[in-house]
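All chains are named by letter (A, B, ...) in the order of the sequence lines, taking the proteins before the strands, and each is independently numbered beginning at 1.
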Protein chains: 2
Amino acid sequence: MPRQPAGRREPLSRERVLYAAIDVADRDGLDAVTMRRVGQALGVEAMSLYNHVPGKQELLDGMVDMLVEEIEIPPAATEWKEAIRTRARSGRTLVRRHPWAPALMTTRPAVRVPMATYLDRVLTVLLDAGFSPQLAHTALHVLDSRVLGFTRDLFDPGTQEPMDPAIVASLTSTHPGMTRILEEATHDDDAEFAFALDLILDGLERARDADGATSARR
Amino acid sequence: MPRQPAGRREPLSRERVLYAAIDVADRDGLDAVTMRRVGQALGVEAMSLYNHVPGKQELLDGMVDMLVEEIEIPPAATEWKEAIRTRARSGRTLVRRHPWAPALMTTRPAVRVPMATYLDRVLTVLLDAGFSPQLAHTALHVLDSRVLGFTRDLFDPGTQEPMDPAIVASLTSTHPGMTRILEEATHDDDAEFAFALDLILDGLERARDADGATSARR
DNA sequence: ACCTGAACACCGTTCAAGT
DNA sequence: ACCTGAACACCGTTCAAGT
């Protein structure tokens, strides 16, 4: 059986399909990510993708998995503010490289393991810095909106109950920070909203007054 | 010419089409908003919609126009924090009523007049409260991310230049707050990012320390 | 002036067929 | 085991035709 010309047709794989899809999105936007177009980028028919990915939805989920794993993890000893700053900077370069990413990430129906791992790491940083589970939960939401570019609900938006118990159970040993928040924090949307808003308003007021004090009066 | 049975076929209009589309999205999500499905909701063929809306993209733009106009405008005399709070609450009920709204609003390619009007009102509140144009611009971004649920770039993300000059010119008399920001503020993405992050980190630190002081030690 | 039916170039996905 | 071609039920949109 003759070898095919070197590198002309390396076998497809889940990874190669996902990378190709990300590439198409980078080049022509999220709407350009169609099974046919991704297949074409790989020199293959659309139907071949189904051997490596169950369908379009799972392809999109897989893209998110890849993206989340790009976010940097500072070593555990790092001071909390610095750790958050590193993550934020990293999330930011990610969004710059893939401008379509926030739209996709905020739109997927479920939190998958890589995202859970990411959230767990942020929560652990906060818990270790002395934040209560409740405040850590709120902090996560305040932080990840603007700064990390996306937000995920840990509690079911309808019932306010924690996510699927089966998923929570599967996370206990691997995701201690997240588990603790799910067990010890309650989700009060109104309280969290008021808190975030006041935090921002107070910060802005402080900035305005400092601004007036340092610059020449206009 | 005989009258048709009362109310059985009131004529289509841009407004009726947009309301029907919003209704479909509320019921079955944004993906369910197809020309055929919206037509069906109105008891009409998909092609009839083209008499009232140039195409799918403009239908989506029109939906955003309608949504933005739902956001409440407190009277001009209101104290600035209270004014922002009113807007934020109003944006929040909007998002609760139409959970698909943020995804759509952050995804449209251009800022249209109703959105510009909304942004102008927020900016005017801030300017009147003594914020510099630069700080008002930053404040808008910090605020509208989590709190109002969506973010719009006023400056071209590529060039950092203000939006289309023709559009800016058309806004001078009607949108004074926005015009002033476009003329007097510069857009430094990195500086704004650092500012927002520090504002949040400092606010969180303050909250953590207050938390520890008021609650029993754990 | 407004609505429609047929048609076109696209989707995601199934399935039987190829190697 | 992996890839494919034809097919199906959908898209958005054009256009000629109806009233």
Between [N] atom [atom2] and [X] atom [atom1], what is the distance in whole Å?
| X | N | atom1 | atom2 | result |
| --- | --- | --- | --- | --- |
| B:D31 | D:dC11 | CG | C1' | 12 Å |
| A:E58 | C:dT13 | CD | P | 8 Å |
| B:N51 | D:dC15 | CG | P | 15 Å |
| A:L49 | D:dC3 | CG | P | 9 Å |
| B:Q57 | D:dT13 | CD | P | 7 Å |
| A:H52 | D:dT4 | NE2 | P | 11 Å |
| A:L42 | D:dT4 | CG | P | 11 Å |
| B:R16 | C:dC2 | CZ | C1' | 14 Å |

Query raised in the report: Counting any heavy atom closer than 4.0 Å, what does A:M47 reach on the DNA or RNA strands: base, sugar-phosphate only, or nothing?
Result: base
Report task. Quick one: look up who C:dA17 pairs with, Watson-Crick or G-U, both distances under 3.5 Å, and put none if it's unpaired. Result -> none
Query raised in the report: Given that both distances must come in under 3.5 Å, which nucleotide forms a Watson-Crick or G-U wobble pair with C:dG12?
Result: D:dC8
What's the closest nucleotide to the side chain of [X] if the choices are [options]?
| X | options | result |
| --- | --- | --- |
| B:E45 | D:dG5, D:dC11, C:dG5 | C:dG5 |
| A:K56 | C:dT13, D:dC3, C:dT4 | C:dT13 |
| A:R36 | C:dC3, D:dA7, C:dG5 | D:dA7 |

Query - B:L119 vs B:M115, side-chain contact (heavy atoms from CB on, under 4.5 Å): CA-CA, chis, key distance, verdict - result: CA-CA 6 Å; B:L119 295 173; B:M115 175 71 80; 4.2 Å; yes
Query raised in the report: Please walk me through it: do B:H52 and B:R16 pass side-chain contact (heavy atoms from CB on, under 4.5 Å)?
Result: CA-CA 9 Å; B:H52 303 97; B:R16 281 194 67 218; over 6 Å; no
Requested in this report: Could you tell me whether A:E69 and A:R112 have a side-chain N and a carboxylate O separated by less than 4.0 Å?
Outcome: no
Query raised in the report: Taking 4.0 angstrom as the limit, do A:R92 and B:D190 come out as a salt bridge?
Result: yes
Query raised in the report: Has A:Y50 got a side-chain N or O lying under 4.0 Å from the OP1 or OP2 atom of C:dT14?
Result: no
Requested in this report: Give a yes/no answer on whether the side chain of A:S48 brings an N or O atom under 4.0 Å of OP1 or OP2 in D:dC2.
Outcome: no
Query raised in the report: Would a distance-only check, ignoring hydrogens and angles, find a side-chain to backbone donor-acceptor pair under 3.5 Å from A:D120 to A:G177?
Result: yes
